[in-house]
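Just follow the structure's listing: the first ligand is 1, and inside any ligand the first atom is 1. All values below were derived from every heavy atom in this structure, side-chain atoms included, with hydrogens, water molecules and symmetry-related copies excluded.
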Amino acid sequence: MPDKPIFVTQPFLPPLDEYVPYLEEIWDSKILTNGGQMHQRFERALCEHLGVEHISLFNNGTIALLAALQELRVTGEVITTPYSFVATSHSLLWKGAKPVFVDIDPVSLNLDPQKIEAAITPQTTAIMPVHCYGNPCDTDAIKAIADLYNLKVIYDSAHAFGVEDRAGSILNHGDLSVLSFHATKVFTTFEGGAVICPDAKSKRRLDYIKNFGFQNEVSVVAPGINGKLSEVNAAMGLLQLKYFDQLIKRRKDIDAYYRRGLAGVSGIVIPSRERQVVDNYAYFPILIESDFGMSRDELYELMLGDDIYTRRYFYPLISEFPMYRGLPSASSNNLPVASSVSRKILCLPIYPALENADVQRVVDVIRKV
Ligand SMILES: *Cc1c(COP(=O)(O)O)cnc(C)c1O
């Protein structure tokens, strides 16, 4: 009998009957969006859960990135990583800013702070790093550069829900930090996102920006957008939060299972994480080195043939897409580490419903090579 397919990720859906009371409350109130009860409760619950003070919810992470750039009035050039999901740079293009790609660190796979200074020009206004796979950036080094050159820092924290470093939530770093609650992320509201703000003033402004810029019925104080999270999405978030710790525990076990199973396999490197105190186990990336029995793409195809879905996150690099590849900073000579990692990376299946037998099947296919 053929084995059932193993997906790379799968959202956790709480029992439907637990969602119904939330929906009944929404039906009764007739308030579907624009900061209703669910929205307010979800904001408060998130602040508490994440250990942050101010949060502004959004309808997705990409609009949240755009709103963050709008709030900080980012223009000109923005230093960012090519090793991310394409929305990171796309938000800069939508804002009319020019992405300047800087290479990543070979261990953290995040923007390499040592290479940032050389990319700064008089037009540079901001840095947009990504906590890739939820692995915290070198936030101290990035802050030192930003302070020295008076640059804004916007963290794309789409992978970093619940991650903590020595200072607590990594979402507290930077001028603003942006989350995504997309269905493929470790925490989901179907679609959704948020901006973590350092003070009540910037939260208030972001609340205006996501509602077309309306301060009140008659005043518009910013060229805002429609970035509002609906009540049904907020309710899903409240329900998901109840399960989050339990889901992370299961992810942690899967992570440990992979680490044991893949230990000592030559040519398989598991990127190490140095600044993490609390992990969210959102992804399980491995690097397929040249001393492994086959190439990354061969392994990807082999697993696909076995109904095991993995992801080549992030391949191609953002800088290789047509709207970016003409930029001087997009050349692979400027990005040797990112170019190399992008051709070796493979993200293995990890999600709470994955069973140990499934994990073993993935490990077996790799070990057999
Ligand atoms: C998912 C993701 C986004 C976009 O978030 P959406 O909620 O899907 O708009 C942005 N950046 C990174 C790194 C992501 O992984």
Side-chain angles (χ1 to χ4, degrees), residues 8-11 42 46 55-70 74 78-95 97 99 101-102 104 108-111 126-137 153-163 170-171 173-174 176-196 206 209-210 225-230 232-234 236-237 240 271 280-285 311-321 323-324 338 341-342 345 347 350-351:
V8 67
T9 184
Q10 197 177 64
F42 183 38
L46 266 183
I55 205 164
S56 181
L57 297 174
F58 277 83
N59 54 357
N60 63 61
T62 307
I63 297 289
L65 280 172
L66 268 180
L69 294 170
Q70 182 69 27
V74 169
V78 179
I79 290 171
T80 190
T81 170
Y83 192 76
S84 179
F85 182 62
V86 72
T88 309
S89 297
H90 275 2
S91 71
L92 298 173
L93 290 194
W94 273 81
K95 189 66 183 69
F101 297 110
V102 162
I104 58 171
S108 72
L109 310 185
N110 289 324
L111 205 54
I127 310 173
M128 188 185 266
V130 178
H131 300 295
C132 195
Y133 310 128
N135 189 21
C137 290
V153 180
I154 304 106
Y155 279 104
D156 181 339
S157 304
H159 300 176
F161 189 100
V163 173
I170 62 164
L171 304 173
H173 295 292
L176 294 171
S177 193
V178 177
L179 285 170
S180 164
F181 308 144
H182 183 252
T184 56
K185 303 301 203 268
V186 69
F187 175 87
T188 183
T189 59
F190 303 112
E191 293 267 5
V195 180
I196 288 78
L206 278 155
I209 288 172
K210 77 171 158 219
I225 198 162
N226 184 354
K228 303 186 301 299
L229 188 78
S230 85
V232 287
N233 297 108
M236 176 68 163
Q240 287 273 343
N280 65 7
Y281 310 97
Y283 300 88
F284 197 88
R311 284 305 290 266
R312 289 169 285 187
Y313 270 153
F314 289 100
Y315 164 84
L317 294 175
I318 296 177
S319 47
E320 289 166 347
F321 292 123
M323 59 299 292
Y324 299 104
V341 169
S342 171
I345 197 79
C347 287
I350 185 164
Y351 49 93

**Request:** Anything with a heavy atom under 4.0 Å from ligand 1 counts, so go ahead and list those protein residues by chain and number.
**Result:** Asn60, Gly61, Thr62, Ser84, Phe85, Ala87, Thr88, Asp156, Ala158, His159, Ser180, His182, Lys185, Gly192
**Request:** State whether a side-chain donor-acceptor pair under 3.5 Å links Ser177 with Ser157.
**Result:** yes
**Asked** Is there side-chain contact between Cys137 and Leu111, with at least one heavy-atom pair below 4.5 Å?
**Response** no
**Item:** Side-chain heavy-atom pair Val163, His131 within 4.5 angstrom cut-off
**Value:** no
**Asked** Should the pair His159 and Tyr283 be assigned to parallel (<30°), tilted (30 to 60°) or perpendicular (>60°) ring geometry?
**Response** tilted
**Prompt:** Between the side chain of Asn233 and the main-chain N/O of Phe190, is any donor-acceptor distance below 3.5 Å?
**Reply:** no
**Request:** Could you tell me which residues satisfy side chain to side chain contact (heavy atoms under 4.5 Å, CB included) with His90, sequence neighbours excluded, listed by chain and number?
**Result:** Val86, Met323, Tyr324
